[in-house]
Each structure stands twice: as structure tokens, then as C-alpha cells.
Asker: 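I have a structure here, written as C-alpha cells, and I will follow up with some questions on it.
Sequential numbering from 1 along the given sequence is applied to the chain's residues.
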Amino acid sequence: MGFAAAFLLLLLAAPAAHAVQYTVGDSSGWTTTGDYEGWVQGKTFTVGDTLLFTYGGSHAVDVVSKSDYDNCNSGNALSTHNDGNTVITLSNPGSMYFICPTIGHCAGGMKLAVNVVAAGGNSPSTPSTPSSSPTTPSGTTPSGGSTPSPPAPRPSGAPSIMNSGLIVAFWTVLGAVVAIMS
């Protein structure tokens with residue numbers, strides 16, 4: 001009975017080991033000087049991954065609709081976060097939009113659009129922000145002619161595993177299994 005319970009705990013922890021936590025803006029965090037359109041390039045966001053927004057007191061994170069993202073409107077935010085260390089779980093496939101609601105910040109570029117793919121999906125994410133040279137999501141030019149590029153490799157997730165304490169949980173469960181079997 002104890003072995004079955006320990007095994008069940010191990011199985012429940014296993015899917016989380018594949019999730020990746022992305023720190024928005026990397027070491028710079030969520031700031032007015034970030035290039036979030038560039039930051040999102042080459043990343044594949046999958047259901048279960050998380051976005052970590054780190055920011056100072058003059059900023060916040062609003063989850064908004066595409067229309068509100070395009071217009072930098074925080075008046076209809078789907079959710080608002082202002083704790084300075086916001087973790088948002090990407091729980092559904094599709095586009096997600098984030099802005100800083102501080103006046104002038106979104107208009108200055110403090111906004112992020114990510115495309116979330118279903119777990120097991122392999123298409124790279126593409127931001128929904130306009131770019132100076134339009135391309136289609138498949139990587140071809142609007143005139144066609146080129147072959148779609150292969151998806152970007154997925155990050156290893158090792159930092160996410162270490163940060164979330166899954167290594168400790170794994171060894172704890174493994175120790176319990178060994179103790180029960182002894």
C-alpha cells in the first residue's frame with residue numbers, strides 16, 4: 001500500500017518536470033527598456049509552462065485581450081498583478097497578451113504577446129505584434145516560395161526544475177520508496 005502511494009506521488013510530480021519557467025526579459029526583467037518582441041523570438045511556450053515577471057514598484061502586469069493589447073488599454077484587464085514577482089501559468093493553447101498598465105509604459109513597448117501550444121505540440125511561438133518585415137507563422141514570406149523552417153528546439157527546463165524544488169521532491173519520494181521497501 002505504501003509503495004503504491006509513493007509511486008502515485010512520483011507519477012503526479014513527473015509532468016511538472018517538463019514545464020519550463022521563462023523569466024520575462026531574462027535578467028533585465030519586466031522593464032520599460034525591455035525588447036519583448038525580440039525576447040519571445042525562438043521560444044516555444046507550451047501549456048504548463050510559466051512566465052515569471054520580475055519588476056519594481058512603478059510597474060505591474062495586466063493580462064489583456066488582443067484588442068486591449070493593440071490599444072494599450074488596461075481598463076478591461078482579465079487579471080492584474082502588482083506583487084513585483086508574478087508567476088503566470090500558461091494553462092491553455094492560444095495567444096496570451098500582457099501589458100504594463102502604468103501610463104505610457106505599454107505605448108513605449110512594455111507589452112508581451114505569446115503563443116501557447118498544446119503539450120506535445122511542436123510549432124514555435126510567434127508574437128502577435130506587428131513587425132517591420134511581415135512573415136507568416138510558418139516562417140515563409142508572404143509571397144510564398146520558401147519551405148517552412150523547422151521548429152526551434154525547446155529549452156531543457158533544468159533551471160525550472162531546480163527553482164521549483166522538484167529535485168528535492170523526487171529524492172524525498174525516492175527515499176520514502178526505498179524506506180518502505182526495506
Asker: What closest approach, in Å, do Ile99 and Pro101 show between heavy atoms, and which atom pair accounts for it?
Answerer: O-CD, 3.6 Å

Asker: Kindly compute the distance separating CD (Glu37) from NZ (Lys111), expressed to the nearest 0.5 Å.
Answerer: 9.0 Å

Asker: Measure the acute angle between the ring planes of Phe53 and Phe98, then classify it against the limits of 30° and 60° as parallel, tilted or perpendicular.
Answerer: tilted

Asker: For Gly48 and Ala19, which heavy atoms make the closest approach, and how far apart are they?
Answerer: O-CB, 3.3 Å

Asker: Can you tell me how far the CE atom of Met110 sits from the CH2 atom of Trp30, to the nearest 0.5 Å?
Answerer: 5.0 Å

Asker: For Val47, which of Asn92, Thr89, Val116 qualifies under side chain to side chain contact (heavy atoms under 4.5 Å, CB included)?
Answerer: Val116

Asker: How many angstroms lie between OG1 in Thr23 and CH2 in Trp39, if you round to the nearest 0.5 Å?
Answerer: 8.0 Å

Asker: So, Thr33 and Thr31: side-chain donor and acceptor under 3.5 Å apart, yes or no?
Answerer: yes

Asker: Are the side chain of Thr102 and the backbone N or O of Ser58 linked by a donor-acceptor pair below 3.5 Å?
Answerer: yes

Asker: Consider only side-chain N and O atoms of Thr86 and Asp83, and report whether a donor and an acceptor are under 3.5 Å apart.
Answerer: yes

Asker: With respect to Tyr22, which candidate in Leu90, Asp49, Val40 satisfies the side chain to side chain contact (heavy atoms under 4.5 Å, CB included) definition?
Answerer: Asp49

Asker: Under the criterion side chain to side chain contact (heavy atoms under 4.5 Å, CB included), which of Val63, Val114, Thr50 is the partner of Ile88?
Answerer: Val63

Asker: Considering non-hydrogen atoms only, spot the tightest contact between Tyr55 and Ala60 and give its length.
Answerer: CE1-CA, 3.8 Å

Asker: Step by step, would you call Thr44 with Val117 a side chain to side chain contact (heavy atoms under 4.5 Å, CB included)?
Answerer: CA-CA 8 Å; Thr44 300; Val117 297; 3.9 Å; yes

Asker: What's the separation between atom CG in Asp62 and atom CG in Leu78, rounded to the nearest 0.5 Å?
Answerer: 9.0 Å

Asker: Determine if the SG-SG distance between Cys106 and Cys100 falls under 2.5 Å.
Answerer: no

Asker: Rounded to the nearest 0.5 Å, what separates atom CD in Gln21 from atom CG in Leu51?
Answerer: 9.0 Å

Asker: Between the side chain of Ser74 and the main-chain N/O of Ala77, is any donor-acceptor distance below 3.5 Å?
Answerer: no

Asker: Rounded at 0.5 Å granularity, tell me how far CG in Asn85 sits from CG in Asn82.
Answerer: 12.5 Å

